[in-house]
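Presented below is the structure to which this report refers.
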Amino acid sequence: TTRTPHFLGLSDGVGLWQNSHYGDGIIIGVLDTGIWPERPSFLDSGLPPVPNTWKGTCETGPDFPASACNRKIIGARAFYKGYESYLEGPIDEMKESKSPRDTEGHGTHTASTAAGSMVSNASLFEFAYGEARGMATNARIAAYKICWKMGCFDSDILAAMDQAIADGVDVISLSVGATGYAPQYDHDSIAIGAFGAANHGIVVSCSAGNSGPGPSTAVNIAPWILTVGASTIDREFPADVVLGDGRIFGGVSLYSGEPLGDSKLPLVYGGDCGDRYCHMGSLNSSKVEGKIVVCDRGGNARVEKGGAVKLAGGLGMILENTADNGEELISDAHLIPATMVGEAAGNKILEYIKTTQFPTATISFRGTVIGPSPPAPKVAAFSSRGPNHLTPEILKPDVIAPGVNILAGWTGAAAPTDLDIDPRRVDFNIISGTSMSCPHVSGLAALLKKAYPNWSPAAIKSALMTTAYNLDNSGHTINDLATGEEASPFIYGAGHVDPNRALNPGLVYDIDSSDYIAFLCSIGYDSKRIEVFVREPNSSDVCATKLATPGDLNYPSFSVVFNSNDHVVKYRRKVKNVGTSAGAVYEAKVNAPPGVKISVSPSKLEFSAVNQTLSYEVSFASDSLGLSSVESQGFGSIEWSDGVHLVRSPIAVRW
Amino acid sequence: SSDCPQNFIIHVSKSHKPSLFSSHHHWYSSILHSLPPSPHPTKLLYTYQLSINGFSARLTSSQANKLKHFPGILSVIPDQARQIH
């Protein structure tokens with residue numbers, strides 16, 4: 001990726017990159033649509049031999065020779081038995097490859113984001129130009145192809161997880177998830193498989209989903225999974241709409257052909273020309289020819305709308321968001337001069353068309369713009385959110401990371417727009433999704449794993465969470481693109497990852513599998529339901545160490561639910577001193593949500609040894625103000641500091 | 001329909017494998033062979049040992065229900081399709 005390493009503060013010769021040797025020796029298993037190995041992001045120049053912990057293989061096929069693997073792509077396999085069983089027949093190899101080759105693009109993008117090699121002069125049609133590299137430049141990639149045209153089947157995902165564990169991966173990156181609400185943990189194969197992987201010391205980093213901005217939309221929310229939401233960086237691709245009356249509305253575009261020029265063209269609304277969504281073949285040529293057409297978002301692919309306008313003789317397209325998407329702008333590599341504007345601008349442009357006898361417009365393309373305005377990061381409207389639909393006492397998502405307009409490697413088999421009408425092929429593509437934020441965090445987890453080989457997956461997750469930030473680069477609380485208002489921990493979790501701070505978290509909240517079993521007991525799972533996790537029929541005493549409440553799981557964040565019976569909620573935590581000072585003394589600072597009194601006991605933790613663990617208890621007491629609300633929420637934090645480290649846990653409270 | 005075959009994930013107790021089977025794979029194959037016959041042949045898709053303990057198979061719903069009562073079978077869950085994000 002270009003720009004995101006800089007935005008994350010990663011820099012050569014210092015911090016996490018230096019201290020982790022760029023992830024050398026760490027293996028990231030990317031479970032996705034496969035990989036396009038010829039991309040420059042997968043060159044292995046300068047990499048030492050394959051780690052001796054690697055036990056996997058490179059599956060070959062007619063379109064995937066042994067030479068496809070090297071010291072960067074050290075393994076590649078494809079899993080399709082579940083898919084073919086679903087199809088009730090073999091895969092049509094004219095349409096998709098049974099080898100690990102990625103004919104979709106998604107897997108090449110995520111793999112190169114996590115651990116791509118450094119590539120100079122990377123861009124998509126000169127957009128996002130720069131030096132592209134994955135987060136863990138020296139980590140190795142094992143590609144497990146589990147996604148096919150009709151989806152990614154649990155049976156294949158579990159087979160890939162099984163193989164990845166056997167092969168010796170350190171991190172699993174999974175930008176895939178359920179549609180709709182998250183299934184119960186014991187019915188969620190990703191959750192169950194991730195539990196098995198975590199038991200083998202593997203960090204499992206997953207995308208939270210793109211079902212935002214509605215509440216409780218996050219998936220992959222088991223507490224042993226690192227759940228990642230998506231946010232913007234300080235880079236945009238502006239393409240402004242200039243109306244005949246001189247008004248200018250900001251939009252975004254990756255259109256790279258001939259510009260429209262300064263002279264204005266007649267402007268029409270697709271809804272007045274046959275189809276507000278501008279489906280292919282549905283626009284009336286006599287009304288569209290030689291004009292710019294405004295199309296509503298939704299109904300068909302965004303870039304396809306431009307194709308429909310072109311087919312009808314139109315010269316340009318303005319894609320306007322409806323209320324469903326608000327002000328979230330997605331940059332697309334349009335085939336004709338086109339831009340996307342937010343709902344507010346779209347409404348004003350439509351009003352202009354309605355009230356003007358001869359409405360005109362043009363589009364001004366401004367290329368790649370990097371800078372502090374608008375502030376970044378902002379949470380993407382599409383990023384799935386909490387509260388946790390399964391266990392409200394566990395805050396999800398865990399963190400946010402760059403996931404909007406991310407440039408990374410792409411397949412040679414499909415266009416950057418993924419449309420059949422688009423003949424272009426590119427080395428790099430710019431796309432958005434929590435799929436893109438997940439591998440950023442997977443790469444960071446790989447770096448931490450290298451820096452601290454003995455840390456558990458939970459400790460690595462804790463380091464990333466307790467060092468995350470929630471202020472943007474203008475010093476204000478991170479904004480939510482869905483509303484234009486401040487986002488909250490239900491939206492960004494602990495906040496935006498800060499890798500260099502994660503290198504030195506001071507304290508970590510560690511968890512092992514027995515804690516997770518105690519957690520499952522606390523949410524009412526009986527021994528029968530826990531069997532799939534422990535893999536044996538349970539005796540009734542499996543819950544002998546049941547937590548008093550699921551909120552007692554030693555999680556690095558706090559989510560509190562008050563109801564009419566519970567005015568006071570108490571959670572316990574244990575923190576391990578992973579700093580270098582044996583005699584570290586940490587003091588607690590509480591930022592309580594309105595309507596809540598919080599006490600921390602003890603409020604001072606005096607360590608006497610490195611790796612010593614100390615406990616504390618937090619009491620959350622709701623006052624009558626909070627209880628008077630029918631349903632409301634509030635946010636705060638608990639910060640432990642020894643004067644050097646700041647170990648911050650977000651608090652989310654619901655009544 | 002109970003006769004319509006689909007994929008299932010079957011979670012199995014690690015320790016229940018009878019000693020006469022040389023491997024879990026053989027045990028799972030034997031389990032599938034012992035199910036009531038169906039117009040659609042059962043098919044063992046994968047054997048899992050590390051991510052979960054068990055296997056996946058193509059079965060009818062009635063066979064899946066039957067399977068739930070076999071010794072050592074912990075859970076039978078329909079295979080679901082997920083989507084890239």
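What you see is a predicted model; the values in this text were computed from it and never measured. Each chain gets a letter, A, B and so on, in the order its sequence line appears, and its residues count up from 1.
- In terms of heavy-atom pairs under 4.5 angstrom with chain B, the leader among A:Phe382, A:Trp148, A:Phe153 is A:Phe153.
- At a threshold of 4.5 Å between non-hydrogen side-chain atoms, the residues B:Gln49 and A:Ile165 do not count as touching.
- The parts of B:Leu45 that come within reach of chain A are both its backbone and its side chain, each placing non-hydrogen atoms under 4.5 angstrom from that chain.
- Note that the CD atom of B:Gln6 and the CD atom of A:Glu88 stand 11.0 Å from one another [nearest 0.5 Å].
- No donor-acceptor distance shorter than 3.5 angstrom exists from the side chain of B:Gln83 to the backbone of A:Gly177, with no hydrogens or angles considered.
- Contact of A:His187 with chain B is made through backbone and side chain together, with heavy-atom distances under 4.5 Å.
- When A:Asn210, A:Leu158, A:Asp32 are compared by the number of non-hydrogen pairs under 4.5 Å with chain B, A:Leu158 comes out ahead.
- A:Arg535 approaches B:Ser51 most closely through the heavy-atom pair NH2-O, 2.9 Å.
- In this structure, the side chain of B:Arg82 does not engage the main chain of A:Cys152 through any donor-acceptor pair within 3.5 Å.
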Determine, step by step, whether A:Asn220 and B:His85 satisfy the side chain to side chain contact (heavy atoms under 4.5 Å, CB included) criterion, reporting the C-alpha distance in whole Å, the side-chain angles of both residues, the deciding distance to 0.1 Å, and the verdict. CA-CA 12 Å; A:Asn220 296 327; B:His85 284 152; 4.2 Å; yes
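- For a residue to count as touching a neighbouring chain, one of its non-hydrogen atoms must lie under 4.5 Å from one of that chain's; by this rule B:Leu44 does not touch chain A.
- A donor-acceptor pair is defined here as one N or O able to donate and one able to accept, closer than 3.5 Å; no such pair exists between the side chain of A:Tyr86 and the backbone of B:Asn7.
- With values rounded to the nearest 0.5 angstrom, A:Ser435 atom OG is found 6.0 Å from B:Ile84 atom CD1.
- At a 4.5 Å heavy-atom cutoff, the contact between B:Ile52 and chain A is made by backbone and side-chain atoms alike.
- In this structure, chain B has a heavy atom under 4.5 Å from the side chain of A:Thr33, while its backbone stays farther away.
- Among residues two or more places apart in sequence or in another chain, the side chain to side chain donor-acceptor pair (under 3.5 Å) test is passed with A:Ser155 by B:Asp79.
- The choice from A:Gln163, A:Met436, A:His200 that makes the most heavy-atom pairs within less than 4.5 Å of chain B is A:His200.
- Counting heavy-atom pairs under 4.5 Å between each of B:Ala81, B:Gly72, B:Pro78, B:Ser56 and chain A puts B:Ala81 at the top.
- With a threshold of 4.5 angstrom between heavy atoms, A:Ile190 approaches chain B through side-chain atoms but not through N, CA, C or O.
- When each of B:His16, B:Lys43, B:Arg58, B:His40 is scored by its heavy-atom pairs under 4.5 Å with chain A, the top score falls to B:Arg58.
- By the 4.5 Å heavy-atom criterion applied to side chains, B:Ile77 and A:Ile192 are counted as neighbours.
- Contacts of A:Ile157 with chain B are made by side-chain atoms alone, with heavy-atom separations under 4.5 Å and no backbone atom involved.
- Between chain B and the options A:Ser211, A:Ala160, A:Gly209, heavy-atom pairs under 4.5 Å are most frequent for A:Gly209.
- Residue A:Phe195: no heavy atom, backbone or side chain, is found under 4.5 Å from chain B.
- With a 4.5 Å cut-off on non-hydrogen atoms, A:Asp186 touches chain B through its backbone but not through its side chain.
- With a 4.5 angstrom heavy-atom cutoff, A:Glu84 does not touch chain B via any of its atoms.
- When each of A:Ser207, A:Gly433, A:Ala230, A:Gly107 is checked for heavy-atom pairs under 4.5 Å with chain B, A:Ser207 comes out on top.
- B:Lys14 is listed as a side-chain neighbour of A:Glu536, based on a closest heavy-atom distance under 4.5 Å.
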Should A:Asp162 and B:Tyr46 be marked as a side chain to side chain donor-acceptor pair (under 3.5 Å) after you check the CA-CA gap, both sets of side-chain angles, and the distance that decides it? CA-CA 10 Å; A:Asp162 221 56; B:Tyr46 294 106; over 6 Å; no
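- Atom-to-atom distance recorded for A:Asp167:CG and B:Leu50:CG is 10.0 Å, nearest 0.5 angstrom.
- Summarising the local packing, NZ of B:Lys66 is surrounded by 12 or fewer heavy atoms from other residues, nucleotides or ligands at distances under 6.0 Å.
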